[in-house]
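First up is the structure itself, then whatever we jot down about it.
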Protein chains: 2
Amino acid sequence: MARDERKRPTIYDVAREAELAPSTVSRALSNPGRVSSRTREHVLAVADRLGYQVNSLASALPSGRTHTVALFVSDITNPHFFGIIRGAEHQARAAGCTLILGDTEESPEVEARNIERLGSSVDGFVVAASRMTDEDIEALAGKHRVALISRQLAGLPSVIVDHVDGTREIVEHLAALGHESLVYLAGPRRAWLTDQRWRGLAQAARRVGMSARRLGPFQPTMRAGANAADVALGSGATAAVAHNDLMAIGMLRRVAERGMRVPDDLSVVGFDDIFGSDISSPALTTLGGPFEEVGRLAVDSLLGMREKSREAGRAEQIVLPSHLVIRGSTGKAPVR
Amino acid sequence: MARDERKRPTIYDVAREAELAPSTVSRALSNPGRVSSRTREHVLAVADRLGYQVNSLASALPSGRTHTVALFVSDITNPHFFGIIRGAEHQARAAGCTLILGDTEESPEVEARNIERLGSSVDGFVVAASRMTDEDIEALAGKHRVALISRQLAGLPSVIVDHVDGTREIVEHLAALGHESLVYLAGPRRAWLTDQRWRGLAQAARRVGMSARRLGPFQPTMRAGANAADVALGSGATAAVAHNDLMAIGMLRRVAERGMRVPDDLSVVGFDDIFGSDISSPALTTLGGPFEEVGRLAVDSLLGMREKSREAGRAEQIVLPSHLVIRGSTGKAPVR
DNA sequence: GTGAAAGCGCTAACAC
DNA sequence: GTGTTAGCGCTTTCAC
């Protein structure tokens, strides 16, 4: 142990050993096109022999490129973000970048503070399910590269999973089962998705002649699901659409606690198709999506984002298809 | 947008504005004890007015301290790591550090490569459930600060959740229910915990006169749980202890698929008490632990680790208590 | 294609 | 206490 106490070799060590200038070594390592292939190979060989490794800090200082991107999620304990995190991690690694993960814990303040703190030590930010206001996000985007997940904002690249078709599918599924009324147990007011989902549900319900009410807001957690379940049961509706699976699973449990049955007394639908949604009983009907792909694409468009494209306002807004996963928590509407 | 195109102010800007030397500004900002309180306040005021923010990259270069720590987990989609990640994140933030999260995907190669890649751009590594060999970890520890989670190695700080008392509790619980035989569905060979858990189970079983067999190894995933269930059912044992909850939940499902019942035909126990273990049916009996605390303490001991203490070999090895969570997946042994 | 030299923004001796 | 002066290890003009 501690045998390797001498410092790591630098490009100067490599340069001396290779009898070249440091700048040439630098080029050979990071700008291979600008040196002859002979020198490049020589440099690579010497670097390898000396066990040279780039000091990413040092190279980031003059260049400004840190090869690091940050991903912020609103709640790291929500399995919904699993796929997103993994996808982002893969894409970041594929692009030679390191991913920093941050948890904003549902707070716009924590979100803003943590982003500011990272400041110039990352190349950009992917923000999933941001709770910040449009204005704050725009201000942020004025200073850093930003890509959004589960949120759209003019001029910024974003990746979302479709909710228009998705909510329509949910409503039609419920209508087919004979339901004539649904309640939406809304998520946090600051979550962009909350309004989007409600809008989609309300519109689709209107079209099929189903009544729809919005209740809440609730925190998007299992715990809050208990409260949501009580409210839903009290509403008289036969179907409840929860803002996410965490809430929906909490509802499932609460309904059972109260001696009622899902789906006989109440059908329950969630969003996200998280880990756990198929092990509850009954298993949860939910709107899933390709979330690894979401994470991957978000990092991709962040890194591909050139300064120019921001000004041009031609940031790509990607919408990936969702799919309804029908399981045991939805069934025929009870006869009243 | 793009209105803030001028560069961020540096300490030189602050120094000029405050009519002081850059070094004084530097001290006022990061070494407050070494300047007069008047200058400090002056500097702070000017910095604030100019909107100065430290460039953490630039300060890391000469000082060598990056105020960043990396946490590597063996599988980021395993909810077991939730608590650990969140605890680590909190502690890192409390210490003014940024946390980088890495997923090693059960591979010692990915693990080693990713750690090497981060190299000197972090102050240290917390490695949870490392799949590397003792030798590789020691080599790593010769070059970087390392703290281990769910693994012990002489001379390195580590945090684990007790498995000796824990496995004893499991066995005694099963014995109390009349079980006379158990099988352990082992986790990956490279996971340190696999042997530790087996040793604990075997020893405790011997003491209560229960027969115990080790089967596997299996991947610690839900998918592998199906396989594990078949093997367990074929073994003739009345109780199965899975390497973790993911496997155990997979077993639960597979047993049901085969038309058998848990716990009537087979009792199932897991480890970790993950999200999901209480929503399966039956809910899972499992050995839980204070995993947020584990994450917190690991970061804590990493950051508190002075170069000296490594040589002195007095790294602290923390063992946190586990607790058995008894739920519906364990019951009376079937009468044979 | 390669070398010399000037930084990137900060810290840390070392003077005073 | 505060200022001066070298760097930290790399990139990047600018010459040749």
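- Between T24(A) and dG3(C) there is a side-chain N or O to OP1 or OP2 distance below 4.0 Å.
- For the pair V14(A)/E17(A), no side-chain contact is recorded, criterion being any heavy-atom separation below 4.5 Å from C-beta on.
- In this structure, of dA4(C), dT11(D), dG9(D), it is dT11(D) that holds the atom nearest to the side chain of S63(A).
- Rounded to whole angstrom, the span from the CG atom of L61(A) across to the P atom of dT11(D) amounts to 11 Å.
- Comparing S26(B) and A58(A) by the nucleotide of DNA chain C whose heavy atom lies nearest to each, the residue mapping closer to the 5' end is A58(A).
- The separation between R34(A) atom CZ and dT12(D) atom P is 10 Å, rounded to whole Å.
- Side-chain contact between W192(B) and I137(B): absent, with no pair of heavy atoms (C-beta onward) separated by less than 4.5 Å.
- A salt bridge is absent between D136(B) and R131(B): the closest approach of a Lys/Arg side-chain nitrogen to an acidic carboxylate oxygen does not fall below 4.0 angstrom.
- Minimum atom distance to the side chain of S36(A) is reached by dG1(C), of the listed dG1(C), dG1(D), dG3(D).
- Taking atom CG of N55(A) as the reference point, atom P of dG7(D) lies 18 Å away to the nearest angstrom.
- Here S23(B) lies in heavy-atom contact (under 4.0 Å) with a base.
- Looking at T39(A), its side chain has no donor and acceptor atom pair within 3.5 Å of the base of dT2(C).
- Checked against dT11(C), dC10(D), dT2(C), the side chain of L20(A) finds its nearest nucleotide in dT2(C).
- In this structure, R8(A) atom CZ and dC10(D) atom P are separated by 8 Å, rounded to whole Å.
- For Q53(A) and dC10(D), the CD to C1' distance is 15 Å, given to the nearest whole Å.
- At whole-Å resolution of the value, CZ in R16(A) and P in dT2(C) are 20 Å apart.
- Residue R65(B) places at least one side-chain N or O closer than 4.0 Å to OP1 or OP2 of dA12(C).
- Note: CG (L29(B)) to C1' (dG9(C)) measures 12 Å, nearest angstrom.
- Under 3.5 Å, the side chain of R27(A) and the base of dG3(C) form at least one donor-acceptor pair of N or O atoms.
- Regarding contacts with the backbone of dA4(C), every side-chain N or O of Y12(A) stays at 4.0 angstrom or more from both OP1 and OP2.
- The distance from the CD1 atom of I11(B) to the CG atom of L29(B) is 8.0 Å, given to the nearest 0.5 Å.
- Taking atom CD1 of I11(B) as the reference point, atom P of dT4(D) lies 13 Å away to the nearest angstrom.
- With contacts defined as side-chain heavy-atom distances shorter than 4.5 Å, the pair V69(B)/Q91(B) does not qualify.
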